[in-house]
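The block underneath contains the structure these notes are about, expressed in structure tokens.
Just so you know, ligand 1 is whichever comes first in the structure, and atom 1 is the first atom listed for that ligand.
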Amino acid sequence: MRIDIITVLPELLKGPLDQSIIKRAQQKGIAEIVIHNLRDYTTNKHKTVDDYSFGGDAGMVMMIEPIDRAISALKAERNYDEIIYTSPDGVKYNQKEANKLATFKNIIILCGHYKGIDQRIREHLITKEISIGDYVLTGGELAAAIIVDSVVRLIPGTISDETSALTDSFQDNLLAPPVYTRPSEYKGWKVPDVLLSGNFKEIEKWKEEQSYERTKRLRPDLLDED
Ligand code: ADE
């Protein structure tokens, strides 16, 4: 899978995407993540990417031209399954959407900044708007990093234990059961007996019950989702 990210702050994205599992996915050729500096697509001397908003609202707006030039240059090279804009007024991101994005071949993520982007970009160039939650970040870079991280780890081959991404919280709309490791007792705090029993069937049953109970208690809204 190839992910192109368009941003005014490339440095903010490089760090989070150059570590551990996501770094290895890139080294293995499973994911190609290319970060583009929007300023490279400007034609003016000062590499300006924003301007005052019509109507006099406070705050700067990202201009059409550099974004159009950046997206057009990428589209001339390959077809894209989705051109995403990260914004607090997008559709709220979840595991279902991550699963869907992980099946795509090429996507672009445009990171928003300032007061937002000229509405015409959203209408004519963007195919999907994603919010990572009901709070406002200073820019879309951290949102893009979250989307990329959650998608790349789902691509087959990224995580060595193939089943582990499938047993995450939220797959099947359930939270994951609690996990334990050695020692089986610490300061009198015990691991549930069933996990030490060696009875595989009982263990599976316990995990399912725990998943369901935790979901019902902590995130009942998930049980209503399809
Ligand atoms: N940019 C600013 N806030 C955001 C959010 N909550 N989700 C996605 N992009 C954003």
Subject >> Sequence-distant partners of Arg182, side-chain contact (heavy atoms from CB on, under 4.5 Å), two or more places apart >> reply: none

Subject >> side-chain contact (heavy atoms from CB on, under 4.5 Å) partners of Ile64, counting only residues at least two apart >> reply: Asp68, Asp118, Arg120, Ile121

Original post:
Can you name the closest pair of heavy atoms from Val194 and Ile203 and give their distance?
Top reply: O-CG1, 3.4 Å

Below 3.5 Å only, please: the N or O atoms of ligand 1 paired with protein N or O atoms, distance on each line.
residue	atom	partner	partner atom	Å
ligand 1	3 (N)	Leu137	N	3.0
ligand 1	6 (N)	Gly133	O	3.1
ligand 1	6 (N)	Tyr135	O	2.8
ligand 1	7 (N)	Ile132	N	3.0
ligand 1	9 (N)	Ser87	N	3.2

Original post:
Hey, does the side chain of Thr48 reach the backbone of Asp50 with a donor-acceptor pair shorter than 3.5 angstrom?
Top reply: no

Subject >> Full working for salt bridge (Lys or Arg N to Asp or Glu O under 4.0 Å) between Glu97 and Lys92 >> reply: CA-CA 9 Å; Glu97 187 59 32; Lys92 206 176 306 164; over 6 Å; no

**OP:** Please list all pairs passing the side chain to side chain donor-acceptor pair (under 3.5 Å) test where one or both residues lie in residues 203-219, with sequence neighbours left out.
**Re:** Glu213-Arg217, Arg219-Asp221

